[in-house]
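Written below as structure tokens is the structure these notes are about.
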Amino acid sequence: MKGYVPLDFSGACTASFFEHGDHGRSSDEFGRKAYYAGLPADGRVPLRDGDGGGMFQLRNSDKPDSIGLTWATGRFPNSATFKLPAAQQRRYARLAILSAASVGTASVKAVLTYDNGDSTEAKLRVYDWSSTTLPAEAHSALDLPVADSRVVRHMFADVIEVDAKRRLTAITFTWISTSTEHLQHCVGIFAVSGLPAEAAR
């Protein structure tokens with residue numbers, strides 16, 4: 001496959017946001033099935049050619065289907081780690097993360113662990129999926145119109161660098177902060193894809 005390839009992060013999933021719905025009391029959180037009417041049936045979300053092409057793969061029909069993160073006493077864990085399956089432990093040039101915050105903007109740290117035990121870090125700025133005005137650097141990879149409404153929800157693609165000289169073995173996402181203290185705030189990481197080092201040449 002040319003460009004980014006989907007990574008299997010099923011072992012780290014902590015939330016069921018899609019068809020199953022982790023329903024709560026707030027209309028602002030992710031767990032409302034009506035928000036996902038625009039999900040592609042096959043779960044495939046293409047990346048822009050400018051980012052390297054390829055795709056994300058959503059876990060539409062699985063449960064749990066996503067990584068949910070929030071503060072230490074929130075309804076989801078503060079941190080989640082997934083070890084790449086042996087077949088996907090290889091050298092990557094970049095990772096693409098499909099994510100959004102349910103209320104407000106959030107900061108998330110990604111720690112990338114390599115085959116020699118060393119690690120590198122990257123910071124992600126995760127945008128509110130109900131935002132109507134976004135900064136230029138925010139790229140909505142998937143827009144989800146809400147039925148019978150003018151409301152549109154967004155899932156954002158963020159690209160981070162990887163040490164292409166070493167095999168990537170694990171990724172840890174940790175929630176750091178948010179611009180709001182809304183009780184239903186959380187971060188959803190919906191898909192992760194990697195650009196193999198050889199494909200970036």
Side-chain angles (χ1 to χ4, degrees), residues 1-15 17 43-59 62-74 76-101 105-127 137-139 141-142 155-178 186-201:
M1 178 183 294
K2 181 181 178 181
Y4 284 83
V5 294
L7 301 183
D8 179 6
F9 70 129
S10 57
C13 288
T14 56
F17 289 139
R44 295 182 177 184
V45 179
L47 278 97
R48 299 179 300 182
D49 289 339
D51 288 333
M55 68 173 188
F56 290 114
Q57 179 65 58
L58 299 174
R59 295 167 48 81
D62 297 323
K63 183 179 183 180
D65 52 47
S66 306
I67 295 175
L69 299 172
T70 187
W71 48 78
T73 57
F76 295 114
N78 176 254
S79 185
T81 298
F82 75 94
K83 184 176 181 180
L84 276 67
Q88 293 187 333
Q89 293 184 16
R90 57 191 298 183
R91 294 183 300 112
Y92 294 95
R94 291 183 289 278
L95 294 179
I97 295 97
L98 186 67
S99 65
T105 300
S107 180
V108 170
K109 177 174 69 175
V111 176
L112 314 179
T113 302
Y114 303 95
D115 56 344
N116 64 351
D118 289 346
S119 62
T120 57
E121 294 185 6
K123 294 288 182 64
L124 305 175
R125 187 170 179 81
V126 183
Y127 296 97
E137 64 270 19
H139 165 53
L142 181 61
M155 294 183 182
F156 302 97
D158 205 344
V159 174
I160 59 176
E161 297 294 322
V162 182
D163 184 346
K165 296 180 180 179
R166 295 179 287 182
R167 289 192 302 115
L168 183 67
T169 59
I171 306 169
T172 299
F173 293 106
T174 302
W175 182 95
I176 299 175
S177 63
T178 178
C186 66
V187 166
I189 295 176
F190 309 109
V192 181
S193 292
L195 179 66
E198 60 271 22
R201 295 172 183 170

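Keep in mind that the numbers below use all heavy atoms, side chains included, and drop hydrogens, waters and symmetry copies.
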Which pair of non-hydrogen atoms, one from [X] and one from [Y], has the smallest distance, and what is that distance?
X    : Y    : value
R167 : R91  : N-CG, 4.0 Å
I160 : A110 : CD1-CB, 4.1 Å
G68  : T14  : N-OG1, 2.8 Å
G3   : P196 : O-CD, 3.7 Å
A15  : P64  : O-CB, 3.2 Å
V45  : A141 : CG1-O, 3.6 Å

Are the side chain of [X] and the backbone of [Y] linked by a donor-acceptor contact shorter than 3.5 Å?
X    : Y    : result
S193 : A96  : no
Q88  : P6   : yes
T178 : T105 : yes

Quick one: pull up [atom1] in [X] and [atom2] in [Y] and give me the separation to the nearest 0.5 Å.
X    : Y    : atom1 : atom2 : result
F9   : R59  : CZ    : CZ    : 6.5 Å
L69  : C186 : CG    : SG    : 8.5 Å
Q57  : L7   : CD    : CG    : 11.5 Å
I171 : I97  : CD1   : CD1   : 7.0 Å
L98  : M55  : CG    : CE    : 12.5 Å
I189 : F173 : CD1   : CZ    : 4.5 Å

Pairwise side-chain contact, [X] with [Y], heavy-atom cut-off 4.5 Å (strictly under):
X    : Y    : answer
Y114 : L168 : yes
L112 : L95  : yes
V187 : L124 : no
V111 : T174 : no
S66  : C13  : no

Output all residues satisfying salt bridge (Lys or Arg N to Asp or Glu O under 4.0 Å) with [X], sequence neighbours left out; order by chain, then residue number.
X    : answer
D8   : none
R125 : none
R166 : D118, D163

Could you go through the side-chain contact (heavy atoms from CB on, under 4.5 Å) check for L195 and L47 one step at a time?
CA-CA 11 Å; L195 179 66; L47 278 97; over 6 Å; no
Between F76 and F17, ring centroids under 6.0 Å
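Yes, the ring centres sit under 6.0 Å apart.
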